[in-house]
Amino acid sequence: MTKSEFKNLISQGIPSTLPPPKPYDPSLNHAPKRKDILTKTEKRLALRNALRYFPAEFHETLAREFADELREYGRIYMYRFRPDYEIKARPVDDFPYSSRKAAAVMLMISNNLDIAVAQHPHELITYGGNGAVFQNWAQYLLTMKYLSEMADDQTLVMYSGHPMGLFPSHKDAPRVVVTNGMMIPNYSSQDDWEKFNAMGVTQYGQMTAGSYMYIGPQGIVHGTTITILNAGRIKGGKEGSLAGKLLVSSGLGGMSGAQPKAAKIAGVISVIAEVNPKAIRTRHSQGWVDEVTEDMGELISRVRKAKENLEAVSIAYHGNIVDVWEKFADEGIYVDMGSDQTSLHNPWSGGYYPAGLSFEESNRMMSSDPENFRILVKKSLIRQVDAINRHTSRGTYFFDYGNAFMLEASRAGADILKSNGEFRYPSYIQDIMGPLCFDFGFGPFRWICCSNDPADLDTTDTIAVKTLKRLMKNSPVQIKQQMADNIHWIKEAGRNKLIVGSQARILYADAEGRIALADAFNKAVASGKLKAPVVIGRDHHDVSGTDSPYRETSNIYDGSQFTADMAIQNVIGDAFRGATWVSIHNGGGVGWGEVINGGFGLLLDGTDDAERRLKQMLFWDVNNGISRRNWARNEESIFAV
Ligand SMILES: NC(=O)c1ccc[n+]([C@@H]2O[C@H](COP(=O)([O-])OP(=O)(O)OC[C@H]3O[C@@H](n4cnc5c(N)ncnc54)[C@H](O)[C@@H]3O)[C@@H](O)[C@H]2O)c1
């Protein structure tokens, strides 16, 4: 397809003649069948909602087809309208636009739906099981059309994937304002998501999926490496002496798949259990996991050998994590560090596979017999916690990885609470990310080269090393380790070959670091050192962006951890300080109703205007959270202020 054909298709939006139906492609990973939760009247409403995107002459054909999709998959994805062109990050000028900022948003959306990047690309799910960019293909087509037409004095309003409209605004306003899953608080249970998502009126945007800021697995490899390194340090491992230590965890999915790669970079032995053979194949073929076994006996002897030889090796166990914890306890295998990364933010529809059932049996049962499936999930969590408790009584350091493991285990009645009602184990934020990173303002700063050219990414890496080294010379001792870890990371980043999709990079930096990096990139765009503008943004998993009482804000101890003022203030503040787009979501990371999380994107196009925006916006974006943590009497934030 030529560039101009591609541009025409984007500008066309919903085609004026019905495209032929699209066959279901079994070679790809698909979202599990969602539960049948709507009443007959609600199903009619779901159909009417789906049909409102189309002219009346399509309705007779589409009504039947959409009814079939709803019956078959529990959702209406509108598969027929999936475009024939490849959806992927392209050089920014390959998109049709009148606002280059809007074109940068198109690049980011396209990357989130790339089949090499997204978890269930045909269901428009980027990661985390149900983290959606759009609810259906009509929304995608219309949004891209609106973006292609948008002028620099208009704002596109996105309601949970639904393009509500393109409205007049002004040049300093964000070009796109995204909300995902914003519910009246009392309608925010897991089943509310099932119901209103099936009706086509809301979606779960996860963190970076619904805000177009997902950059593939690299982001998570970086965060996981920092976590494992620091968990090892907490366990008394001195620099370079993590060799021979064993990490046990679960999940080789979107984010969890980073664990074996990160463990290897950190130099430890890892055993990661995974029930889905496709997920194992993906990570093994990428070289992110070294070895695979489904034989427990073989696993045990391999781990013993690796410990003896102090090998840094990553092993995937094809099976249930509960069996690993139990068997390792029976066999006396000492586990240094343990965690869990099943998708417990979504426990009843594919996030957690209970012990004792095969993968296929679970997939059938979660939609055919959801009540009994729930019971098995709870029993399995009780068994898992019992086995973990046996390990921790022997000295294992166990931490919750922000996947709602302890929350769901406690709801299941597992032995996970102390006598005072608190969880037995810390979250990785309480022990690691909070005091070592977020409280100082260190968080996941990322950038994407809009030229889509790897050479530009190399240039930005070089600029980043130079900038951070300069800052480190004067940085206080409290943050020297963070600076050193990130300089080391960025030097190695190219060699670790972490790019899947857009030419993107991540590192952790504080407010000063983020502003200095963005400023240096903007100057490099202005001077022509970089061929095209750079988008900056971040994960929502950050110092200011997210209010999540069991994760990002779990190290806030003034009682305010169940409030969400910070995340809301963050997005409002970013919006009027110059962000190109902002987003605010319900549920990212730990589940619908459990968190409010927000983020932004900002295009650095080399202008003075971009410099003004980056300085005022990034300062607020980080210091909002530091100030809140300072009021909560967190020592590190008091220091940072
Ligand atoms: N990596 C991080 O830094 C990080 C940070 C915060 C939160 N999380 C959380 O971690 C969770 C996982 O994220 P993801 O994107 O990898 O999700 P995912 O759904 O892509 O992957 C989870 C994997 O766990 C597997 N699984 C489920 N139950 C299992 C069991 N009992 N035994 C073995 N395997 C099992 C699934 O098959 C799936 O492949 C999410 O809840 C996410 O919010 C991760």
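In each ligand, atom 1 is the first atom listed, and ligand 1 is the first ligand listed. All values below were derived from every heavy atom in this structure, side-chain atoms included, with hydrogens, water molecules and symmetry-related copies excluded. Just so you know, residue 1 is the first one in the sequence shown, and it goes up from there.
Annotation: side chain of Tyr353 is not in contact with side chain of Glu274 (no heavy-atom distance under 4.5 Å). Within the 4.5 Å cutoff, no side-chain heavy atoms of Trp348 are placed close to those of Lys35.
The distance criterion of under 3.5 Å between nitrogen or oxygen atoms is met by Gly589 with respect to ligand 1. Checking only distances, Tyr127 never comes within under 3.5 Å of ligand 1, N or O to N or O. Geometrically, ligand 1 and Gly254 share a nitrogen or oxygen pair separated by less than 3.5 Å.
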- Message: Between Tyr204 and Asn346, is the side chain to side chain donor-acceptor pair (under 3.5 Å) condition met? List the steps.
- Response: CA-CA 11 Å; Tyr204 178 71; Asn346 172 32; over 6 Å; no

- Can you list the steps and then say if Phe398 with Val385 is a side chain to side chain contact (heavy atoms under 4.5 Å, CB included)? CA-CA 11 Å; Phe398 184 87; Val385 169; over 6 Å; no

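Put simply, no part of Gly223 is less than 4.0 Å from ligand 1, judged by heavy atoms. Taking a 4.0 Å cut-off on heavy atoms, Ala258 fails to register as neighbouring ligand 1. Ala355 does not count as a contact of ligand 1, since none of its heavy atoms falls under 4.0 Å from the ligand.
Listed by number with element, the atoms of ligand 1 under 4.0 Å from a non-hydrogen atom of Asn276 are 37 (O). Short contacts between ligand 1 and Gly351, defined as distances under 4.0 Å to a heavy atom of the residue, involve ligand atoms 27 (C), 28 (N). Those atoms of ligand 1 that come under 4.0 Å of a heavy atom in Ala273, given as number and element, are 33 (C), 34 (N). Ligand-side atoms of ligand 1 in range of Ile321: 30 (C), 31 (N), 32 (N), 33 (C), range being under 4.0 angstrom from any heavy atom.
For atom 8 (N) of ligand 1, the closest non-hydrogen atom of the protein is Tyr401 O, 3.5 Å. From the protein, the heavy atom lying nearest to atom 31 (N) of ligand 1 is Tyr353 O, 2.7 Å. Nearest protein heavy-atom neighbour of atom 11 (C) of ligand 1: Thr342 O, 3.5 Å. The protein heavy atom nearest to atom 1 (N) of ligand 1 is Gln341 OE1, 3.0 Å. Scanning the protein for heavy atoms near atom 36 (C) of ligand 1, the closest one is Glu274 OE2, 3.4 Å. Protein heavy atom nearest atom 24 (O) of ligand 1, with residue, atom name and distance: Gly251 CA, 3.6 Å. Looking only at heavy atoms of the protein, atom 19 (O) of ligand 1 is closest to Ser343 OG, 2.7 Å. Protein heavy atom nearest atom 5 (C) of ligand 1, with residue, atom name and distance: Tyr428 OH, 3.3 Å.
The part of Ile220 lying near ligand 1 is the side chain, judged by heavy-atom distances below 4.0 Å.
Taking all heavy atoms of Lys278, Arg551, His345 into account, the minimum distance to atom 6 (C) of ligand 1 is reached by Arg551. One option in Gln119, Met207, Met255 has a heavy atom closer to atom 15 (O) of ligand 1 than any other, and that option is Met255.
Residues His541 and Phe438 place their aromatic rings such that the two centres sit under 6.0 Å apart.
Between Ser211 and the choices His540, Arg538, Gln206, the side chain to side chain donor-acceptor pair (under 3.5 Å) rule is met once, by His540. Of the residues listed (Asp539, Asp485, Asn486), the one engaging His222 in a side chain to side chain donor-acceptor pair (under 3.5 Å) is Asn486, and it is the only one. Among Gln384, Glu408, His345, the one residue that satisfies the side chain to side chain donor-acceptor pair (under 3.5 Å) test with Tyr352 is Gln384.
At least one cation-pi condition fails for Arg514 and Trp447: the charged atom is not both under 6.0 angstrom from the six-membered ring centre and inside a 45 degree cone around its axis.
The two residues Leu113 and Leu124 have their closest heavy-atom pair at CD2-CA, 3.7 Å.
Ion pairing between Asp400 and Arg424 fails under the 4.0 Å rule for side-chain N and carboxylate O.
For Tyr187, the OH atom counts as loosely surrounded, since its 6.0 Å shell holds 12 or fewer non-hydrogen atoms of other residues, nucleotides or ligands.
Side chains of Tyr425 and Asp431: no donor on one and acceptor on the other come within 3.5 Å.
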